[in-house]
Participant: 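Sharing a structure here in structure tokens format.
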Amino acid sequence: MLSTLCLVRSIRLVFFFLTFALLLNSAYSQQTTAVYPRIVGYFSVYHPIETLSSGTFTGNFGNAYTVSFPFGLHILKSDHFGVSFEISPCIRTQNNISKVSSVAFNPGALFRFTHGYTLVSRLAFESSGRFGFTPALIKILARGKNCNLFTAVALPARFGNNQASSFSSGLQLGLTF
């Protein structure tokens with residue numbers, strides 16, 4: 001029941017972001033030429049989908065639900081390269097108890113391509129004692145004058161803290177400003 005409620009809320013949030021970005025995109029059709037270096041902020045919602053650990057796959061919508069709220073800064077050096085600094089608090093709900101399970105600091109490099117695609121290679125340092133890396137492929141879905149709607153597919157790998165290594169996949173939706 002709890003995971004169904006969380007899924008419904010997530011779908012509503014995605015619908016809100018898409019509607020907001022599409023309205024902004026239609027209201028502002030002119031784009032200006034970017035001046036570098038440039039700082040771009042962002043806020044997003046990240047949902048892990050599946051995690052492989054100790055030879056077992058675990059889904060996020062089973063007996064526990066996890067969601068993260070990554071936010072950060074991109075320092076863009078050119079149309080093709082930049083650096084990223086992200087902080088990502090993670091909330092885990094299990095047995096009707098919700099808590100911040102960890103906060104991750106994720107610095108990395110941005111490799112920007114045409115058609116709104118960006119490859120991000122991030123390191124990961126979690127307050128839970130885990131560390132690793134998180135490659136992600138980002139796609140700008142809609143451009144507005146003051147913000148852009150984006151989605152990303154992330155593939156986190158985590159090690160350390162006397163736990164089995166884990167490899168995950170997840171989807172991210174957010175706004176840059």
Participant: Could you give me the CA-CA distance, side-chain angles and deciding distance for H47 and Y65, then say whether side-chain contact (heavy atoms from CB on, under 4.5 Å) is met?
Facilitator: CA-CA 9 Å; H47 291 282; Y65 173 72; 2.6 Å; yes
Participant: Rounded to the nearest 0.5 Å, what separation is found between the CD1 atom of I91 and the NZ atom of K99?
Facilitator: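 That separation rounds to 12.5 Å.
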Participant: Given the rule in the side-chain contact (heavy atoms from CB on, under 4.5 Å) test, do S84 and Y42 qualify, once you have shown the distances and angles that lead to the verdict?
Facilitator: CA-CA 10 Å; S84 177; Y42 67 94; 3.9 Å; yes
Participant: Rounded to the nearest 0.5 Å, how far apart are CG of N106 and CD of E126?
Facilitator: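 Answer rounded to 0.5 Å: 8.0 Å.
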Participant: Passes side-chain contact (heavy atoms from CB on, under 4.5 Å), L73 versus I39? Steps please.
Facilitator: CA-CA 7 Å; L73 294 174; I39 297 177; 3.9 Å; yes
Participant: Let me see the working for V120 and I138 under side-chain contact (heavy atoms from CB on, under 4.5 Å), right down to the final yes or no.
Facilitator: CA-CA 8 Å; V120 183; I138 299 172; 3.4 Å; yes
Participant: Consider only side-chain N and O atoms of S102 and R92, and report whether a donor and an acceptor are under 3.5 Å apart.
Facilitator: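 No, no side-chain donor-acceptor pair sits under 3.5 Å.
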Participant: Do the ring planes of F43 and F69 sit parallel (below 30°), tilted (30 to 60°) or perpendicular (above 60°)?
Facilitator: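 Parallel.
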Participant: Looking at every non-hydrogen atom in both residues, tell me the closest pair between T118 and F113 and how far apart they are.
Facilitator: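 Between these two residues, the closest heavy atoms are CA-CD1, 4.5 Å.
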Participant: Counting heavy atoms not belonging to F125, are there more than 12 under 6.0 Å from its CZ?
Facilitator: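 Atom CZ in F125 is crowded, with more than 12 foreign heavy atoms closer than 6.0 Å.
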Participant: Can L76 be reached from F81 by stepping across I, L, V, M, F, W or Y side chains whose heavy atoms are under 4.5 Å apart?
Facilitator: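 Different clusters.
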Participant: In this structure, would L155 and L119 fall into the same cluster of hydrophobic residues linked by side-chain contacts under 4.5 Å?
Facilitator: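 L155 and L119: separate clusters.
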Participant: Kindly say whether A104 contributes a backbone atom to a donor-acceptor pair with the side chain of S88 at under 3.5 angstrom?
Facilitator: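 Here the side-chain-to-backbone pair does not exist.
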Participant: Given side chains that start at C-beta, do those of S121 and F111 come closer than 4.5 Å, heavy atoms only?
Facilitator: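 They are in contact (side-chain heavy atoms under 4.5 Å apart), so the answer is yes.
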Participant: Check for me, please, whether L137 and F133 land in the same ILVMFWY cluster - side-chain distances under 4.5 Å, paths through other members count.
Facilitator: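 Cluster IDs for L137 and F133 match.
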Participant: Would you say the side-chain atoms of N148 pair up with the backbone N or O of L175, donor to acceptor, closer than 3.5 Å?
Facilitator: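 Such a contact is absent between N148 side chain and L175 backbone.
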Participant: Please report the closest heavy-atom contact between A124 and T134, naming both atoms and the distance.
Facilitator: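 Smallest interatomic distance, heavy atoms only, reads CB-OG1, 4.1 Å.
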Participant: Output yes when a side-chain donor or acceptor of S78 lies under 3.5 Å from a complementary backbone atom of H80, and no otherwise.
Facilitator: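 Side chain of S78 to backbone of H80: a pair is present.
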Participant: Could you tell me whether the side chain of R130 and the main chain of G160 form a donor-acceptor pair under 3.5 Å?
Facilitator: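 Judged by distance alone, yes, a pair lies under 3.5 Å.
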Participant: Rounded to the nearest 0.5 Å, what separates atom OG1 in T176 from atom CD1 in I140?
Facilitator: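 Result: 5.0 Å between the selected atoms.
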Participant: When you look at NZ of K77, are more than 12 heavy atoms from neighbouring residues, nucleotides or ligands closer to it than 6.0 Å?
Facilitator: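 No, not enclosed.
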Participant: Whether the side chain of K139 engages the backbone of H115 through a donor-acceptor N/O pair (distance < 3.5 Å, no angle test) should be reported.
Facilitator: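 Yes: the side chain of K139 pairs with the backbone of H115.
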Participant: Which atom pair, heavy atoms only, marks the closest approach of A164 to S53?
Facilitator: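 Where A164 meets S53 most closely, the heavy atoms are CB-OG, 3.7 Å.
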Participant: Are V67 and F71 connected into the same hydrophobic cluster when the rule is that any two of I, L, V, M, F, W, Y join if their side-chain heavy atoms are below 4.5 Å apart?
Facilitator: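 F71 clusters together with V67.
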Participant: Nearest 0.5 Å please: distance from the CG atom of L52 over to the OG1 atom of T58.
Facilitator: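 One gets 8.5 Å once the value is rounded to the nearest 0.5 Å.
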Participant: Are F57 and F61 co-members of a hydrophobic cluster defined by side-chain heavy atoms under 4.5 Å apart?
Facilitator: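 Different clusters.
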Participant: Roughly how far, to the nearest 0.5 Å, is CZ of F167 from CZ of F159?
Facilitator: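 CZ of F167 is found 4.5 Å from CZ of F159.
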Participant: Return the CD to OG distance between E86 and S68, rounded to the nearest 0.5 Å.
Facilitator: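 Rounded to the nearest 0.5 Å, the CD-OG separation comes out at 9.0 Å.
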Participant: Okay, side chain of T151, backbone of Q172: is any donor-acceptor separation there less than 3.5 Å?
Facilitator: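 Judged by distance alone, yes, a pair lies under 3.5 Å.
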Participant: So, does N60 use its side chain to make a donor-acceptor pair with the main chain of T66 at under 3.5 Å?
Facilitator: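 Flag set: sc N60 to bb T66 pair under 3.5 Å.
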Participant: What are the two closest non-hydrogen atoms of Y46 and A154, and how far apart are they?
Facilitator: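 Minimum heavy-atom separation between Y46 and A154: CE1-CB, 3.8 Å.
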